[in-house]
Amino acid sequence: MSAAETIPDLLHSQASELGIKPFMQVWGAGEGVVLTLSFAEFARRVLVAQHSLTATGHIAAGDHVAMLSHPTVQYFVHAIALICNGSVCVNLNWRMPASGLSATIQVSASTVVVSSGRFATEARYLAGGQRALPLLWLNAPPGAAATTDVVLPALDGPSIPAHLSAALPTSRSSPSSATAVIMFTSGSTATPKAVPLTHRGLLWNCRQRLRMQGEAFAEPNAGTLSLLPNFHVIGFTNNFLFNLLAGVRCVVQLNAGSVALTAQLMMEACACTRPTVLDTVPWLVEELLAELEDKEEEHRDGSCLSRLHFILAGGCALSEELLLPKLARHGVTLWPHYGQTELGGPALIGGLAGSLGAMRPLPGVQFELIGEDGRAADQGELVLLGMQCATAGYLAGSNGRTLSGEAASTAERFYTGDVFRRIEAPDGSGSWLEHICRQVGSGRDLGGIWDESGRDMGRIWEGYGQDMGKIWAGYGQDMGKIWAGYGQDMG
């Protein structure tokens, strides 16, 4: 396991040690794997991107750079290039309305916008605000180009032009305590808050997860599959940065954002890329198992899932009554996991046989449950001790809850704000934790949750002056699918 303490150091050490080992695979429905980048090739493209970004004259070390893009090769290469340059990558939630994105730009103090052409309307709106920010394109926007448009070189093809590699820069040295990425909370209970995540914290989380689940990543050609958004820690940390540290494959969807994420799509991707871990959300697990049930003859050999050590699912409670019989029939192991944006990755992961709710903290992490009277209890707010990836606090202007009872860093004592209960395992393995939250039987009845906890969506987003009912209806999305994936505390 790499001992690197910063993301640039990790990138270059893995490129040197793992070389031509496959790292990032681009998979498309009906097309299979169309591109594979080794650890060394991915690092080379990052250096090319770093040179291209600095050559624009708009990006310097320490800048906060807002990125608006689906999780593509072009995005990941440039996101890491920004971090290698000593800049901070600000991952914007492209599902927000434009005015919401504008608010996150302000809170994160972003000075440059980097966008894919797909979000041209939103990007021009953001860049054309009161501060008139520079705008760089990951790929050419549709329509006539503006005279000020700067399109970055395409680094997502089978090869890149030789002249781009002529004078590659070296990564800037950043302290491990420096902010590498800014993510935003889901906004499920309030306006999204800006969460700064450090190099040291992100890599610590990845290392502890690898120590906990190392067996699944020890076999040759191991890897994960998720296809979830890059503005969420499941998509960015769990299934990209973790893979870089663990030395295993990650999968990027070809034309991400243009094909709906369905159980059938995931099964096709599993059958082709053969991951050892599938990391997803509960509603998709339920649809995947239903697909196996409906087409049992077609999938009777389970080939699409045969290599999986387990499936991870987080976002809301899993229905044991609904899922356990199907999991047993198809020989699939499913573990819950719990994390928050404020932690940069998972904090608790399941593993108790016969339970889809029991979880334990990462190695080296202890916990307390604090009851309403402020005393230790068997059910109460979960406080994590020794969670070294915990953010020290939200960025100014986020108006977030208190993360710690101490005035200093939250790394040693992190208040999650979520209620858990202690359960004793029948197998004698000791204490486990179970999240006390609304269990969504099929992962779709999110309307009831919003009726109770966020009755007037306008109140949550009133700072943006938007009628969220109209906005979300306009997207034509199933709110259950959207929010089940992004809001950990759906209660």
Side-chain angles (χ1 to χ4, degrees), residues 6-16 18-27 33-56 58-59 63 65-92 94 112-119 136-140 150-172 180-181 202 226-227 229-231 235-237 239-245 249-257:
T6 67
I7 292 173
D9 287 347
L10 173 66
L11 174 75
H12 299 306
S13 68
Q14 295 296 69
S16 174
L18 302 178
I20 62 172
K21 183 179 180 180
F23 168 55
M24 179 172 286
Q25 293 185 309
V26 181
W27 170 86
V33 175
V34 298
L35 176 67
T36 298
L37 298 181
S38 67
F39 283 85
E41 179 60 19
F42 181 81
R44 185 172 77 93
R45 295 187 186 207
V46 167
L47 289 176
V48 171
Q50 186 184 342
H51 175 73
S52 300
L53 287 165
T54 54
T56 66
H58 295 303
I59 294 177
D63 286 350
V65 181
M67 294 201 71
L68 187 62
S69 172
H70 286 109
T72 62
V73 172
Q74 189 78 337
Y75 157 79
F76 283 117
V77 165
H78 286 83
I80 298 301
L82 287 170
I83 295 171
C84 287
N85 189 57
S87 308
V88 177
C89 174
V90 181
N91 285 325
L92 299 184
W94 32 263
V112 183
V113 176
V114 177
S115 176
S116 72
R118 180 174 296 226
F119 297 110
L136 309 179
W137 299 103
L138 293 175
N139 54 287
V150 177
V151 181
L152 298 166
L155 302 175
D156 54 357
S159 61
I160 57 177
H163 73 275
L164 293 177
S165 302
L168 296 181
T170 57
S171 296
R172 295 179 184 272
V181 180
L202 286 166
S226 175
L227 307 184
N230 48 322
F231 56 73
F236 186 85
T237 307
N239 292 278
F240 167 65
L241 192 58
F242 169 82
N243 303 61
L244 185 60
L245 181 137
R249 293 177 299 131
C250 61
V251 177
V252 173
Q253 185 180 358
L254 183 67
N255 299 321

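We use all heavy atoms of the structure for the numbers below, so side chains are in, but hydrogens, waters and symmetry mates are not. What you see is a predicted model; the values in this text were computed from it and never measured.
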Shortest non-hydrogen separation from [X] to [Y] and the atoms involved:
| X | Y | result |
| --- | --- | --- |
| I7 | I83 | CB-CG2, 4.0 Å |
| P71 | A256 | O-CB, 3.9 Å |
| I160 | R44 | CG1-NH2, 3.6 Å |
| L68 | L92 | CD1-CB, 4.0 Å |

Considering only heavy atoms from C-beta outward, does the side chain of [X] approach that of [Y] to under 4.5 Å?
| X | Y | result |
| --- | --- | --- |
| Q74 | L155 | yes |
| S226 | F240 | no |
| V114 | H58 | no |

For [X], which residues count as a side chain to side chain donor-acceptor pair (under 3.5 Å) partner, sequence neighbours excluded?
| X | result |
| --- | --- |
| T6 | D9 |
| T237 | none |
| W137 | D149 |
| Q253 | none |

- Which residues pass the side chain to side chain contact (heavy atoms under 4.5 Å, CB included) test with R118, sequence neighbours left out? H70, S116, S258
Would the distance check show the side chain of [X] and the main-chain N or O of [Y] forming a donor-acceptor pair, the cut-off being under 3.5 Å?
| X | Y | result |
| --- | --- | --- |
| T54 | Q50 | yes |
| N230 | S69 | yes |
| T56 | L53 | yes |
| E41 | I20 | no |

- Message: List the residues meeting ring-ring contact (aromatic ring centres under 6.0 Å, His included) with Y75, not counting sequence neighbours, and say none if there are none.
- Response: none
